Amino acid sequence: GSGDGQGQILQRFPEKDWEDNPFPQGIELFCQPSGWQLFPERNPPTFFVAVLTDINSERHYCACFTFWEAVESPQPQSHARNGEGEEEEEEAASPVQPAQLFAPKSLVLVSRLDHAEVFRNSLGLIYTIYVDGLSVSLENVIGNLLTCTIPITGGAQ
């Protein structure tokens, strides 16, 4: 078809909304402002941060890292062989491998804090783990990124 589609959320952390920080509705539209389109070649990854303001005028910094994954073309293509300037009949057309297309996939981090470089590094790490197919649970990686230990003054950690 035209290559246009709709985004969908495949996975999110946390899985349930936090009372003081609900999941932004329509985030899949925001990640691809030009629309979810297929491309004939792999584009380089992109990163941007935008500020979303909620109904209470509170800022939410939305970091979006987008990369492209190969997908199979929805319709097989065929090409007709031509002899001396004449096309052979459709039945004689030899099937050609479907053209490979690339679909965008976005990793999004929403925060009340404005730390674009930390967001870029965190999403880059998650992307690298995903692309390299490392056998590490993304839940553990995200938990480790979001957790820090603060030592007690004058005491043990």
Side-chain angles (χ1 to χ4, degrees), residues 1-78 96-157:
S2 67
D4 291 333
Q6 290 185 315
Q8 71 180 66
I9 298 166
L10 300 178
Q11 195 171 14
R12 65 173 264 198
F13 301 99
E15 291 180 2
K16 304 228 187 253
D17 282 354
W18 290 347
E19 186 177 314
D20 63 336
N21 198 12
F23 190 75
Q25 295 302 311
I27 196 78
E28 66 279 4
L29 300 172
F30 172 78
C31 295
Q32 290 294 317
S34 302
W36 292 89
Q37 300 171 351
L38 299 176
F39 290 90
E41 53 191 47
R42 187 183 310 268
N43 292 326
T46 60
F47 175 81
F48 68 89
V49 177
V51 180
L52 305 177
T53 306
D54 66 17
I55 196 165
N56 298 323
S57 298
E58 292 184 23
R59 291 180 175 190
H60 300 268
Y61 297 91
C62 185
C64 185
F65 183 96
T66 300
F67 59 99
W68 279 258
E69 284 191 317
V71 294
E72 290 298 319
S73 177
Q75 297 177 341
Q77 298 177 351
S78 63
V96 173
Q97 292 296 324
Q100 189 170 41
L101 296 174
F102 297 89
K105 187 173 251 188
S106 296
L107 301 171
V108 181
L109 191 150
V110 180
S111 174
R112 290 190 182 169
L113 306 174
D114 182 11
H115 296 292
E117 201 58 34
V118 172
F119 301 157
R120 178 192 303 266
N121 293 339
S122 298
L123 293 174
L125 176 65
I126 294 167
Y127 166 72
T128 301
I129 291 168
Y130 176 77
V131 168
D132 289 349
L134 301 178
S135 60
V136 177
S137 162
L138 283 179
E139 289 87 349
N140 288 339
V141 172
I142 292 168
N144 288 332
L145 287 171
L146 299 176
T147 304
C148 66
T149 304
I150 301 172
I152 298 171
T153 307
Q157 263 188 334

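Note that the structure is a prediction, hence the values are computed from the model and not measured.
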note = Value for NE2 (H60) from CG (L52), rounded to nearest 0.5 Å, stands at 7.5 Å

note = Between T66 and C31 the two heavy atoms that sit nearest each other are OG1-O, 4.3 Å

inquiry  = For Q8, is there any backbone N or O sitting under 3.5 Å from a side-chain donor or acceptor partner on W36?
reply    = no

inquiry  = Quick check for you: to the nearest 0.5 Å, what is the distance between C64 atom SG and I27 atom CD1?
reply    = 7.5 Å

message = Could you report the tightest heavy-atom contact between Q37 and P104, atom names first, then the distance?
response = O-CD, 3.2 Å

task = Spell out, as yes or no, whether a donor-acceptor pair under 3.5 Å connects the side chain of S111 to the backbone of L113.
result = yes

query = Looking only at heavy atoms, what is the nearest atom pair of A70 and Q100, with distance?
reply = CB-NE2, 3.1 Å

ask   = CZ of F47 to OG of S106: how many Å apart, nearest 0.5 Å?
value = 12.0 Å

For residues 128-135, run the donor-acceptor check on the side chains, cut-off 3.5 Å, and write out each pair with its distance to 0.1 Å, sequence neighbours left out.
from, atom 1, to, atom 2, distance (Å)
T128, OG1, G124, O, 2.8
Y130, OH, E69, OE2, 2.6
Y130, OH, K105, NZ, 2.9

Shortest non-hydrogen separation from P45 to Y127 and the atoms involved = CG-OH, 3.9 Å

message = Within a 6.0 Å radius of atom CZ on R12, are there more than 12 heavy atoms belonging to other residues, nucleotides or ligands?
response = yes

ask   = What distance separates N144 CG from S122 OG, expressed to the nearest 0.5 Å?
value = 11.5 Å

message = Are the side chains of R112 and R59 in contact, using a 4.5 Å heavy-atom criterion?
response = no

L109 vs I126 side-chain heavy atoms within contact, under 4.5 Å = no

query = For the side chain of N56 and the backbone of E58, is there at least one donor-acceptor N/O pair under 3.5 Å apart?
reply = no

task = Measure up the F67 and F65 rings against each other and bin them: parallel (under 30°), tilted (30 to 60°), perpendicular (over 60°).
result = tilted

note = Correct closest heavy-atom pair for A63 and L123 would be O-CD1, 3.8 Å

key: Any side-chain heavy-atom pair of F102 and N43 under 4.5 Å   = no

